[in-house]
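Naming: A, B, ... by sequence-line order, numbering from 1 per chain. The basis for the numbers below is simple: all heavy atoms, side chains too, and nothing from hydrogens, waters or symmetry mates.
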Protein chains: 2
Amino acid sequence: MKTNRSHCPINFALEIFGDKWTLLIIRDLIFFKKKTYGALKNSPEGIATNILANRLNLLEDTGIITKRQDPKNTKVYLYELTQKGIDLIPVMLEMSVWGATYDAKTAAPPTIIKRIKKDREAMIKEIKAALKNPQKKIIK
Amino acid sequence: MKTNRSHCPINFALEIFGDKWTLLIIRDLIFFKKKTYGALKNSPEGIATNILANRLNLLEDTGIITKRQDPKNTKVYLYELTQKGIDLIPVMLEMSVWGATYDAKTAAPPTIIKRIKKDREAMIKEIKAALKNPQKKIIK
DNA sequence: CTGTATCCTTAGGGATACTG
DNA sequence: CAGTATCCCTAAGGATACAG
């Protein structure tokens, strides 16, 4: 695909994450607080290892995630969201609401969808706080 | 690609519009109020005719748009958003904000981005109203 | 004008094996 | 465990021509 097709902000976003896999990885980083290659590989959708490695590189290149060694285990790398990545939370929330609304078989917990609709800003804050707090879970 | 990879609402959404073109068409339907094949074809990104026709069919199949003859010109068809399509406005707005924030060369009018951030609900209402009112423009 | 159809090339992706 | 590499196939996409 051509890049820099236009300077529309929607197009800018699509050129970065307009595919079937990238946002699933970001979903796992945000909602399931996954940080390692192995954890990300175990998504329910079954991402292939080459695709996962490729997308992690692209996300690092575009400044959405960082990669560093786990201080406790030098063989493990930690992938973590930058501010640019954290700022995708609102996009993800709106997509969740839309998806949960129109997928009859959705697996999204209705309580979460209700809370997003009811107080979106509070939900964003809560998720950001959970990302910084290893104890807190967003989705069990 | 496999479909129904999971019942995650994010995945549900991605299986419908997780590509480089679909949301650009929806952008034009929402923000630029385009309704015809010809108007949609003239996007700044230069969509190919086969891709446009394919996506319009898929969007109709998934119930995001409807297609009907223009009562004034039987040779022209009008593509219009359903409620399911209109409900993508929040997703599009969040993507716009993110894209405009991180694309230094963004073409998004800063006034609009500010208004989205300031009062998102009001902006959604305004866009919905504009869609019903042929006179009103959202982006000039 | 609204699409289809075709041709061709590239990119995306699944499976699997393999390396440090 | 964290990737790379390979193979192979399909899907996506660009260009262009053409039909109703």
Side-chain angles (χ1 to χ4, degrees), chain A residues 1-6 10-11 14-29 32-62 65-80, chain B residues 1-6 11 14-29 32 34-62 65-80:
Chain A
M1 193 204 62
K2 289 174 189 169
T3 51
N4 282 108
R5 301 179 293 184
S6 77
I10 305 276
N11 180 58
L14 289 176
E15 288 189 11
I16 292 177
F17 56 72
D19 71 276
K20 306 281 184 203
W21 291 109
T22 302
L23 285 184
L24 290 181
I25 295 171
I26 294 173
R27 170 201 64 185
D28 288 348
L29 293 167
F32 298 98
K33 297 170 66 176
K34 295 183 180 180
K35 284 170 178 275
T36 64
Y37 183 91
L40 291 165
K41 204 173 82 64
N42 290 327
S43 73
E45 292 83 11
I47 189 167
T49 60
N50 55 345
I51 308 287
L52 176 56
N54 170 265
R55 294 304 192 277
L56 287 173
N57 283 330
L58 290 176
L59 285 170
E60 203 185 350
D61 291 347
T62 48
I65 62 172
T66 54
K67 176 184 185 175
R68 68 180 172 105
Q69 279 196 340
D70 186 337
K72 295 170 190 165
N73 182 348
T74 56
K75 284 183 182 172
V76 173
Y77 294 91
L78 299 178
Y79 298 94
E80 293 165 308
Chain B
M1 191 203 62
K2 290 174 188 168
T3 51
N4 281 107
R5 299 179 293 184
S6 77
N11 180 58
L14 289 176
E15 289 188 10
I16 292 177
F17 56 71
D19 71 277
K20 307 277 184 204
W21 291 109
T22 302
L23 285 185
L24 289 181
I25 294 171
I26 294 172
R27 170 201 64 185
D28 287 348
L29 292 167
F32 297 99
K34 294 182 178 180
K35 283 171 179 272
T36 63
Y37 182 92
L40 292 165
K41 204 172 82 65
N42 290 327
S43 73
E45 292 83 11
I47 190 167
T49 60
N50 56 344
I51 307 287
L52 176 57
N54 170 265
R55 295 305 192 278
L56 287 173
N57 284 330
L58 290 176
L59 286 171
E60 203 184 351
D61 291 346
T62 49
I65 62 171
T66 54
K67 176 183 183 176
R68 67 181 173 103
Q69 278 196 341
D70 186 336
K72 295 171 191 165
N73 180 350
T74 56
K75 286 183 182 172
V76 173
Y77 295 91
L78 299 178
Y79 298 95
E80 294 165 306

Using whole Å, report how far CG of Leu24(A) lies from P of dG14(C).
-> 11 Å
For Tyr77(B), answer base if it contacts any base atom (sugar-phosphate contacts may also be present), sugar-phosphate if it contacts only those atoms, and nothing otherwise; contact means non-hydrogen atoms under 4.0 Å.
-> sugar-phosphate
Would you please confirm or rule out a distance under 4.0 Å between OP1 or OP2 of dT4(C) and any side-chain N or O of Tyr37(B)?
-> no
Atom CG of Asp19(A) to atom P of dA12(D): distance rounded to whole Å?
-> 12 Å
Give a yes or no on whether a donor-acceptor pair under 3.5 Å exists between the nucleobase atoms of dT2(C), that is its base, and the side chain of Thr36(B).
-> no
Measure from the side chain of Tyr79(B), starting at C-beta and using heavy atoms only, and say which of dA2(D), dG3(C), dA15(C) lies closest.
-> dG3(C)
Spacing of Arg5(B) atom CZ relative to dG12(C) atom C1', expressed in whole Å | 12 Å
Using atom CD of Gln69(B) as one end and atom P of dG20(D) as the other, report the distance to the nearest whole Å.
-> 17 Å
Nearest-nucleotide comparison on DNA chain C, the residue closer to the 5′ end among Lys41(B) and Ala48(A) | Lys41(B)
So OH of Tyr77(B) and OG1 of Thr36(B): to nearest 0.5 Å the spacing works out to 13.0 Å
Which nucleotide in dA15(C), dG12(C), dA15(D) has an atom nearest any side-chain atom of Asn50(A) | dA15(C)
Picking from dA15(D), dT4(D), dG13(D), which would you name as closest to the side chain of Asn57(A)?
-> dT4(D)
Between Ile47(B) and Asn73(A), who's closer to the 5' end of DNA chain D by nearest nucleotide?
-> Asn73(A)
Write down the distance between CG (Leu58(A)) and P (dA11(C)), rounded to a whole number of angstrom.
-> 13 Å
Taking OP1 and OP2 of dG13(C), is either one under 4.0 Å from a side-chain nitrogen or oxygen of Arg55(A)?
-> yes
For atom CG of Asn42(B) and atom P of dG3(C), their distance in whole Å = 14 Å
Picking from dG14(D), dT4(D), dC1(C), the nucleotide nearest the side-chain atoms of Ala53(A) would be dT4(D)
Between Lys67(B) and dG3(C), does any side-chain N or O lie under 4.0 Å from OP1 or OP2?
-> yes
Atom-to-atom span, NZ of Lys35(A) to P of dC1(D) - whole angstrom | 19 Å
Heavy-atom donor-acceptor pair, Thr49(A) side-chain to dT16(C) base, under 3.5 Å = yes
Stepwise side chain to side chain contact (heavy atoms under 4.5 Å, CB included) test for Ile25(A) and Leu56(A) | CA-CA 8 Å; Ile25(A) 295 171; Leu56(A) 287 173; 4.2 Å; yes
Hey, are Gln69(B) and Thr74(B) close enough side-chain-wise for a donor-acceptor pair under 3.5 Å?
-> no
Worked verdict on Leu24(B) versus Arg55(B) for side chain to side chain contact (heavy atoms under 4.5 Å, CB included) = CA-CA 10 Å; Leu24(B) 289 181; Arg55(B) 295 305 192 278; over 6 Å; no
Provide, to the nearest angstrom, the distance between the CG atom belonging to Leu78(A) and the P atom belonging to dA2(D).
-> 9 Å
Among dT16(D), dG3(D), dG13(C), find the nucleotide with the atom closest to the side chain of Trp21(A).
-> dG13(C)
Under 3.5 Å donor-acceptor, Asn57(A) side chain and Ala53(A) backbone = yes
So, Glu15(A) side chain and Asn4(A) main chain: donor-acceptor pair closer than 3.5 Å or not?
-> yes
